[in-house]
Novice: 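Structure provided below as structure tokens; questions to follow.
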Amino acid sequence: MKRLPHLLLPVALGLFATTVPWWLAWLEQDYYLGLATRIVIYALAATSLNLLIGFSGMVGFGHAAFFGGAAYLSAYLTQYGWYSAWVAWPLSLAFTGVLATIIGLFSLRTRGVHFIMITLAFAQMIHYAIVAWPAAGGDDGLPLVQRSSLPPLDLADDRQLYWLALALTGAVLLALSYLARTPLGHAWIGIRENERRMAALGFPVLPMKLACFVVSSLIAGLAGILLVQQTGMASPTHLSWTTSGQLLVMALIGGAQRITGGVKGALILLLAEEWLAHLSAYPHFWIGLLLLALAFRGELARTILGEKGR
Amino acid sequence: MTSPLLACRGLCYRYGALQAIADLDFDLMAGEMHALIGPNGAGKTTFVNLLSGELPPDAGKILLDGKDITRAPMHERVAAGIVRSYQIPQLFPRLSALENVALALPARRRHRYVFWRKASTDLASLEEAEAWLDRVGLAEQVGLPAAMLSHGERRRLELAMTLASGARLLLLDEPLAGLSAEESAQMANLIAALKEARTVLFIEHDLDHVFRLAHRITVLVEGRCLASGDPDSIRAHREVRRAYLGEWA
Ligand SMILES: Nc1ncnc2c1ncn2[C@@H]1O[C@H](COP(=O)(O)OP(=O)(O)O)[C@@H](O)[C@H]1O
Ligand SMILES: [Mg+2]
């Protein structure tokens, strides 16, 4: 029965998250449903990095390419009347998967700082390629003609979109926590812990890392597709390195090697942004300060409390 | 005459200007316990790196069962039955001793892409991993993270992983390094118990252990084979005595 308290928190949080639209309606704050949806979607995007970092130890700094790439393609398809989510979304994900395979094949031969730089470089190339492409709307971005049709759901209803995003994020989190216990998850964790040894034990490390990279990119792509549904627009920001950085920060502050790290990080960062934007004309200064505090929280506690910390 | 399990011809490797392995010929017979000795920096670890596929030779050939594996990637060599251990134990520090060994099992290599069932449902593998830990005397440490083990225990875990891989040819890089006399004797017994069952190439400095364990000994100096033969002939070898054994005698 030791598992019970273990499950209590996620179940309570899940119940709360599911009922958020009703709470907001009751408080007459429906405006915040958009924020709640964005938090859930960014949590999903950041989780993709928790998979990459937590399982195989690769710090990707170019996930905006997959997040934004899928966002653009799904928006682009609506320009041609491809409204069915059953068609447009898998197509966008397939494109993301191909992109991730190509980028992965080049970048996975490097590690550490080199890996960070090369994933960033690829993402920048894709950013500029898409913004320079006339059909993608340049700096203005690409509007979504209408939200996808996904019967029996009606995504034009903000609540249903929120619930869909929540269900997908929840499903990914559950899948990843299951994955951590499977032979594939163990092999990825082995690569994170000691890549050289895994190779010596006969694991083809490169294809296994590529698999992790592609799965992670697909999750980021799914988040991008959902975000476009919410904002009604694929914008160059989604492709920018600042988005890669933001996702990375979310994954890191929530605990990079925890599957739930991205959820925590997205909640903290987006709520802080919203709240500070009301309080101050310089929200980003305060966010920077908050990040520093989070990064050095062990140190900080020690300095302030004079304890040994941790 | 039977053909060797592993054969090297004209093997060369250089680090920049340093010729670490120079035109080396080498044969390993199936079932043999073969010791590789030589002073520090002789190129012993480099040789193991070439055999295991961690480094690509500059020239020469490596044959396993007569098949050319010179350019085969590491995982193919493992599949073909060659597994190495490391001079400095290469473990998974935050994983339990059990999980360290479980990752080495052939079943885990085969099921590496299995994502639909939990690893813990493979009870046979877990039992097998436990049996290997028991064999090297780590039965008590099954659940401990590798980072918490003592040096001697890490060495034994390193050996357990190499054994668990199921390889028929083991390349053991200084399995006795840094062990106390008592621990060395235990480890030497574990290695002696592999005779007949596996083919072993091991690197060791302590000549007492070498002469007791090995069927055959190869002396490596500056990347070249100075002598190779049974323990008696090595003991009697004049050049070896002068150039090498003299240091210890
Ligand atoms: N990665 C490396 N880069 C440059 N030189 C190396 C490297 N590894 C080993 N060497 C050199 O190659 C020679 C052989 O090293 P090694 O194979 O480790 O010897 P041994 O295991 O016999 O002590 C030594 O002179 C060593 O300094
Ligand atoms: Mg060495």
Novice: Can you tell which part of P93(B) gets under 4.5 Å to a heavy atom of chain A, answering side chain, backbone, both or neither?
Specialist: both
Novice: Salt bridge or not between R9(B) and D68(B)? Use side-chain N to carboxylate O under 4.0 Å.
Specialist: no
Novice: Under 4.5 Å heavy-atom distance to chain A, tell me which part of S125(B) shows up: side chain, backbone, both or neither.
Specialist: neither
Novice: Verify the ring-centre separation between F115(A) and F61(A): is it less than 6.0 angstrom?
Specialist: no
Novice: Looking only at heavy atoms and a cut-off of under 4.5 Å, which of F115(B), Y113(B), F92(B) has the most pairs with chain A?
Specialist: F92(B)
Novice: Taking everything shown except I88(B) itself, do over 12 heavy atoms lie less than 6.0 Å from its CD1?
Specialist: no
Novice: Less than 4.5 Å to any heavy atom of chain A: does that hold for the side chain of E54(B), its backbone, both, or neither?
Specialist: side chain
Novice: In terms of heavy-atom proximity below 4.5 Å to chain A, should A79(B) be classed as side chain, backbone, both, or neither?
Specialist: neither
Novice: With side-chain hydrogen bond (donor to acceptor under 3.5 Å, both in side chains) as the criterion, how do E158(B) and Q90(B) come out once you've worked through the C-alpha distance, each side chain's angles and the decisive distance to 0.1 Å?
Specialist: CA-CA 7 Å; E158(B) 176 84 19; Q90(B) 292 286 323; over 6 Å; no
Novice: I need the contact set between residues 186-212 of chain A and chain B: heavy-atom distance under 4.5 Å, sorted by residue number.
Specialist: H186(A), A187(A), I189(A), G190(A), R192(A), E193(A), N194(A), R196(A), R197(A), M198(A), A199(A), A200(A), L201(A), G202(A), F203(A), P204(A), P207(A), M208(A), A211(A)
Novice: Could you check whether any side-chain N or O of T70(B) sits under 3.5 Å from a backbone N or O of K61(B), counting only pairs where one atom can act as donor and the other as acceptor?
Specialist: no
Novice: Between R155(B) and Q186(B), does any side-chain donor sit less than 3.5 Å from a side-chain acceptor?
Specialist: no
Novice: Between R84(B), E76(B), R94(B), which residue shows the highest count of heavy-atom pairs closer than 4.5 Å to chain A?
Specialist: R94(B)
Novice: Using a strict cut-off of less than 4.0 Å between a Lys/Arg side-chain nitrogen and an Asp/Glu carboxylate oxygen, indicate whether E130(B) and R135(B) qualify as a salt bridge.
Specialist: no
Novice: Look at the aromatic rings of F106(A) and F122(A) and report parallel, tilted or perpendicular, splitting at 30° and 60°.
Specialist: tilted
Novice: Counting heavy-atom pairs under 4.5 Å to chain A, which of A164(B), P106(B), A104(B) comes out on top?
Specialist: A104(B)
Novice: Between Y15(B) and T46(B), is there a side-chain donor-acceptor contact under 3.5 Å, judged purely by atom types and distance?
Specialist: yes
